[in-house]
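Values below: every heavy atom of this structure, side chains too, minus hydrogens, waters and symmetry copies. Both ligands and their constituent atoms are indexed starting at 1 by order of listing.
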Amino acid sequence: MIITFYGHACFGFEINKKHILIDPFISGNPLASSININNIKADYIFVSHGHADHLGDTIKIAKKNNSVVVSNFEIINWLEKKGVQNTHSMNVGGNKKFDFGKVKFFKAVHSSSMPDGSPGGNPCGFIFETCEGNFYFAGDTALTYDMKLIGEYKKMDFAILPIGDNYTMGIDNAIIASGFINCSKIIGMHFDTFPVIKINKNEAVLKFKKSGKELILLNIGESIELPNKKA
Ligand code: NI
Ligand code: MN
C-alpha cells in the first residue's frame, strides 16, 4: 500500500485502489501549508476522536469527495448534524468489513470532545487488515497493556504511534508499545506540530534503533510503500 503523511496525525492510504484518509487536520496545521486539501482523494475518512487536531478538515474533504466518514457513534451523530451524509458509526471492539479490508476499533487511552464542547465518545485507534498488509493506527493514546492484544490478534506489518509526549505517549513508551504489539516497524506521528510536542528526531530514531526497532519519520507530503516489496 502507498502511505502519504499529511502532517500531525493525518495519513492517506491507497489500498486495493481505494483512498483512505485518517484524521485530516491539514488547513489548521501551520506545518502543512504545502498541502492543498483540494488535491486529496478520500473514499473513506476515519476520525479517531473529536479533538480539532484530528477532526480537522473532515467536513470539507468529506463533502467534496462524498467520502464515507467512519468514527465513533457520538462523532458521527455530530457530523450528520453538520450535513455529512455518507457515514458509518462504530465503537471500541467492533469490526467491520469494507471494500478495502477489515477495520477494528481499538481502545485509546485519551479524551474526546468536539470543537464546540459536545461529547466526542470514546477515543479510538484502528486495526486495519487488508490484502496489502496489516497495520495499527493508535490515535492519541497513552501506552496501555491492552496493546498486547493486538500482537495476539494478528501480525501487524507496521504501526503508527504517537511519539510527541505531553498529550500522548512519548518516544520511550512508544518503544515499549512496539514490543507489546510485536511489531518493530513504527511510523511516528503527533510530534513537532506544537512547541509542547517538539521532539529531537535524530535522537528518537536512534533510541528505536538501539532497541532493535525502526522508527520511520516521514516529511509532510512524503509517500512510502509498505510493507516493503520482497526482492
Ligand atoms: Ni487528542
Ligand atoms: Mn491530538
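Counting only distance, with no hydrogens or angles, the side chain of N36 and the backbone of N38 share a donor-acceptor pair below 3.5 Å.
We find that D172 and K207 are joined by a salt bridge, their nearest charged nitrogen and carboxylate oxygen being less than 4.0 Å apart. Looking at K107 and D146, a side-chain N of the basic residue comes within less than 4.0 Å of a carboxylate O on the acidic one, giving a salt bridge. A salt bridge links K154 with E129: the closest approach of a Lys/Arg side-chain nitrogen to an acidic carboxylate oxygen falls below 4.0 angstrom.
Rounding to 10 degrees gives 90° for the angle at the Mn ion (ligand 2) between NE2 of H54 and OD2 of D140.
Within H51, the N/O/S atom positioned nearest the Ni ion (ligand 1) carries the name ND1. D140 contributes OD2 as its N, O or S atom closest to the Ni ion (ligand 1). Atom NE2 is the N, O or S atom of H49 at the shortest distance from the Ni ion (ligand 1). Restricting D53 to its N, O or S atoms, the one at the least distance from the Mn ion (ligand 2) is OD2.
For residue H110, no N/O/S atom approaches the Mn ion (ligand 2) to within less than 2.8 Å. Because the distance cut-off is set at 2.8 Å, H190 qualifies as a neighbour of the Mn ion (ligand 2) through one of its N, O or S atoms.
Ring centers of F158 and F128: at least 6.0 Å apart, outside the cut-off.
Y44 and D99 share a side-chain donor-acceptor pair at under 3.5 Å.
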